[in-house]
Structure formats: C-alpha cells, structure tokens
Amino acid sequence: MHLHFYGAARTVTGSCFLIDDGAKVLVDIGMFQGGVEKRNYKPFPFEPSSIDALILTHSHLDHVGLLPKLVNKGFNGVIYATKATKEIAKHMLYDSAKVQEEEAYTRTKKNLRKGLPPVVPLYTVDDVKECFRLKWVELGYREEKTVGNITFRFREAGHVLGSAFVELESDKRIVFSGDLGEPERLIIRNPEFPDKTDFLVVESTYGDRNHRSVEESIEELKQAIIDTFERGGNVLIPSFALERTQELLYVLHLLYKRGQLPECQVFLDSPLAIDITKVFLSHPELYNGETANEAKESNPFWVPGLQFTKSVEESREINEVKSGAIIIAGSGMCTGGRIKHHLKHNLWRKECSVVFVGYQVKGTLGRRIVDGAKSVRIYGEEIAVKAKIYTINGFSAHAGRDFLLKWSRMSDAKRVFVVHGEFDKSQKLADGLRKMGFDCAIPEWRQRVVL
Ligand code: ZN
C-alpha cells in the first residue's frame, strides 16, 4: 500500500491524500489558501482519470475546493460523502466558482489595459455543474463500502455538520482524522474515537494549545452586545458561512431564551451562510442531544428581529441602520464579501463594535484590525478604526491540543503522520505524541511512503 501526501503537509490547507493499493482512492481534494494559492494552478501530480474514488471528510474548501478542477481534468470516479457534506459542498463550490470567475474578470480587465493576456479562472460555475453529474454515494456513519480491495467507513468527527474521519482497511488499517472538533460543541455531536489501527494521519491545526470554554465566549459576546447598544452603535461580526454562523445564531437564540438579549435587529447578510443554515435546519438528526431537544420546541437558529438579507438591495438598506443591530456577514477574515461594506459604514464610529470570532490569518484585513491598526484601506478609502474591537476565541471548530493527544492515543497506531498544521504546531503535537510512545513523522508536500 502506498500513501501520498498531496496537500495539508506542513501547511493547514489543500488536504489531499492518495492511497494506492491496486485501487486508487483520494481522501479529500482541498484548495490551498493563505499564501500558497499558486499551488492550485499546478497540474495534479497524478492522473485524475486513473482515480477510482474520492472520499470527502467534510465540506470546507480546503478539503473539497479543487473538486471542479479534478473533474475538469478527467476524474470520472465515484464520490463518497455524508449527505450533509454533499449538500453543503454544493453551496460552497458554486460560491467559490463565482469568486474565481469574478476575480479572473477583474484581473483580465487590468491585464488587457497593460497589454497582457486575459486571466483564466481556476474553475467556473460550469465545472461545478459537471461535479454533480458524477456518481455521488451518500454514506451514513459506520456504513462500509469497498473499492477494489479497500474497505472504508465514516465516523463522526464533530468538526462541522456532516464531518467525518475515515477508517480505511485493506491488508493494513489506516485512519485519516480529517478535521476534528472539540467535544461539547454548540450544535453538533461529539467526535467519536477511532478503533485500533496500524497507521494514523492526524490534523494538528491547534497542536500547540487549547481553547477557552464555549460558555465563557457566550458571556463575552453577550457583554459586547450590551455595551455596544448602550453606546448607541451596531455590532459587526465577520463570520465563516459554515458552522460559525449557525453557532452564532444558536448563541443569540439561547441568550434570547435566557432573557439576556437586548431588543435588536439581527441581519444574516450572506447568501452562502443563509443557504448553509437551511441545510442545518434539514439535518436535526446530526445535532447533539441538547440542540436536538431545543429544535423540537423551536427553530434553534431564530431570534426575534432576525432577517436573512439575500439580495444586494436588502444588504445596502442595512447601511441606514445606525444602532441596535447585529450584522453577521462574510468573509470571516474580511478579505472580501459584504462585511467590507459594513466595516466602511461602521468601523469609524466609536459607538460601534467589531467582534472577531474566528482566527485571523496574517496579511488579512481582519488581522490588521485585530492587531490595532489606526486606520485601514477599504475599497480605496482610508477608514479610521474607532469602533471597539473584540476577539473571542472559544468558538473554534478544531480540537485543541489535549483532545488531539487523547484522540490519537485511542488509535494505538504503530506510526502517526502529523498533517494539517503550520510546521511549528505539527512539531509540538508530534513531540507530545512521541512522549506518549508513538512513532511520529511530519511528511513533506508530495512525499510518498510505503505502508
Ligand atoms: Zn475543516
């Protein structure tokens, strides 16, 4: 059996692993993000038409984002995913294709003025359509499937709705963690632990630290909202469309039920997040016990005053609201999307707040604001940063260090490959695993090992 590390090796994005044991099976086909985007444009290091099956752990773009390119380059095999992963991936990929097309259009206009050739998008909406003409098998948790001599099944990963880790077996056993969540999350169920295995491929996004508790974060968010409304401003929350947005809506719902949410308007101003919230509503079977009970009584993602603003006109109308509003919009790191318009209208007002609930990568607009910039450039205009800035850390979708170690320990693996982390984070997790007696490696990009 051969294992190839085609992505998320010494970096957090681009997850892609190839198992070759007669049959060829890919686990994830992620997009590279945050400084390594150029890799997306390189030819695949394998022949896409030779791949028999693709197994998707979950619907984040760094795990599914290059699927349209894979199909465009000749992949014609079967795609295995949970039902929720397939449904969310569809929204994510159409949104991603639109972004690719728009970016290529803008850059082409600039290029032509300089006498340079037009820019071709990484993939288009038509490429995404082709993905959904292929055969998809919706696989339930613990349901087994076989491709050639490789048998595999999904287990609950507790990371985002529909997420799974993969247990795969031929003459040897190997487990791919995908992305793992922390137990006791707001909406979804706890991650399961893996069965004993020979080899383990484990993520290490937070291989070096643990998170603050969710309850503390709820308290911080509540206080930020109350203080801002007392000052007469709006609360802006840049948010990721998948999981984080639904968690925020659920937290607001809980605060409302506890009688702790001041009267307000809540705008979910992101077409992608609106579509994904609808997928969440159609899968109550994936909620944890508490949320499932809540869902029996009422819509867990609803609060009085909530408005889904899908059209551009509706989004623009929010600019007229000067106080008492919570505005949730993408992108999560303020690199694009409608949040930039809301920042332009609110960031210079000292009575407003911006609440960051997700990690801000270096070089992004979000990170500059978090790092204390006095002013930032938005759509060619210098905007003063006068609003109060909050950073709330407890809503992470990734497991912290202690849980990653505990989870890996259960696998009893003979060899562990640490992936999906900045190199220093992967090293710290590997150190911890070695102390527990594991044989550990941090593979390099495009490395191949014989198992
Ligand atoms: Zn993920």
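Atoms within a ligand are numbered from 1 in the order they appear, just like the ligands themselves. All of these numbers come straight from a predicted model, not from anything done at the bench.
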Can you tell me if CZ on Arg107 sees more than 12 non-hydrogen neighbours from other groups inside 6.0 Å? no
Output yes when Arg258 and Glu215 qualify as a salt bridge under the 4.0 Å nitrogen-oxygen rule, no when they do not. yes
So, His398 and the Zn ion (ligand 1): N/O/S under 2.8 Å, yes or no? no
Which N/O/S atom belongs to His159 and is the closest one to the Zn ion (ligand 1)? NE2
Measure from the Zn ion (ligand 1) to every N/O/S atom of Asp179 and report the name of the nearest one. OD2
Whether His4 and His2 hold their rings parallel, tilted or perpendicular, with breakpoints at 30° and 60°: tilted
Look at the rings of Tyr256 and Trp302 and say which category their plane angle falls in: under 30° parallel, 30 to 60° tilted, over 60° perpendicular. perpendicular
Of the N, O or S atoms in His60, the one nearest the Zn ion (ligand 1): ND1
